[in-house]
Amino acid sequence: MAEIRLDERVAIVIGAGRGIGREHALLLASRGAAVVVNDSGVGLDGSSPDGGPAKSVVEEIPAAGGRAIANTASVATLEGAADIVGTALDQFGRLDVSTSLRTAMG
């Protein structure tokens with residue numbers, strides 16, 4: 001079976017700084033997609049925002065030949081969501097794929 005390619009596509013991955021979100025961002029980039037790596041870097045309780053996780057993933061992608069940009073806006077607000085989409089449009093001129101790996105904590 002041929003590998004699915006995503007060349008010239010743009011993807012947003014919410015929660016891409018760690019864990020499965022990170023792996024999704026790396027996989028999409030390895031298949032040719034430009035990736036907006038979104039992660040506000042907060043703890044499970046919403047404390048201590050830190051852009052480090054998103055920036056770390058973004059550093060890995062170009063090192064492997066891909067294109068990516070970090071975004072630390074919160075998807076929890078309309079303004080944050082608009083900022084994330086705006087980043088994709090401003091940096092890459094389009095948006096084709098968006099994934100969210102957020103889990104509701106109860």
Side-chain angles (χ1 to χ4, degrees):
M1 175 181 264
E3 179 180 274
I4 296 172
R5 298 291 308 163
L6 299 169
D7 301 305
E8 305 304 319
R9 303 288 187 212
V10 177
I12 294 172
V13 182
I14 306 297
R18 300 180 181 104
I20 194 167
R22 176 183 173 276
E23 296 304 316
H24 279 211
L26 295 173
L27 177 62
L28 289 165
S30 76
R31 299 288 176 95
V35 181
V36 176
V37 176
N38 171 266
D39 198 303
S40 58
V42 298
L44 291 176
D45 63 355
S47 64
S48 304
D50 173 17
K55 290 176 185 171
S56 176
V57 175
V58 167
E59 289 172 1
E60 289 182 63
I61 291 173
R67 298 182 303 149
I69 188 161
N71 179 286
T72 58
S74 172
V75 72
T77 67
L78 183 57
E79 294 80 13
D83 183 69
I84 299 164
V85 171
T87 297
L89 297 175
D90 291 345
Q91 294 297 312
F92 303 118
R94 62 187 289 162
L95 175 59
D96 301 290
V97 179
S98 179
T99 67
S100 177
L101 301 165
R102 295 182 56 110
T103 302
M105 301 297 288

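All figures in this text were calculated on a predicted structure; none of them were measured in a lab.
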Val13 pairs by side-chain contact (heavy atoms from CB on, under 4.5 Å) with which of Leu28, Val37, Asn38? Leu28
Excluding sequence neighbours, so at least two apart, what forms salt bridge (Lys or Arg N to Asp or Glu O under 4.0 Å) with Arg31? Glu3
Using the side-chain contact (heavy atoms from CB on, under 4.5 Å) criterion, which residues pair with Glu79? Sequence neighbours excluded. Thr77
Would a distance-only check, ignoring hydrogens and angles, find a side-chain to backbone donor-acceptor pair under 3.5 Å from Ser30 to Leu27? yes
How about Arg94 and Asp96: do any of their side-chain heavy atoms sit closer than 4.5 Å? yes
Are Val58 and Leu6 in one and the same hydrophobic cluster, where Ile, Leu, Val, Met, Phe, Trp and Tyr link if side-chain heavy atoms are under 4.5 Å apart? yes
List the atom of Ile61, the atom of Ala25, and the distance in Å for their closest heavy-atom pair. CD1-O, 4.1 Å
With side-chain hydrogen bond (donor to acceptor under 3.5 Å, both in side chains) as the rule and sequence neighbours excluded, what pairs involving residues 6-16 come up? Arg5-Asp7
Partners passing salt bridge (Lys or Arg N to Asp or Glu O under 4.0 Å) against Glu60 (at least two apart in sequence or in another chain): Arg22
Heavy-atom pair of closest approach, residues Asp39 and Ala54: O-CB, 3.9 Å
Among residues at least two apart in sequence or on other chains, which ones pass side-chain contact (heavy atoms from CB on, under 4.5 Å) with Ser98? Ile12
Quick check on the hydrophobic clustering: are Val10 and Val97 connected, directly or via other members, by side-chain heavy-atom contacts under 4.5 Å? no
Result block: side-chain N/O donor-acceptor pairs under 3.5 angstrom for residues 81-93, not counting sequence neighbours:
from: Asp83; atom 1: OD2; to: Asn71; atom 2: ND2; distance (Å): 3.0
from: Thr87; atom 1: OG1; to: Asn71; atom 2: ND2; distance (Å): 2.8
from: Thr87; atom 1: OG1; to: Asp83; atom 2: O; distance (Å): 3.0

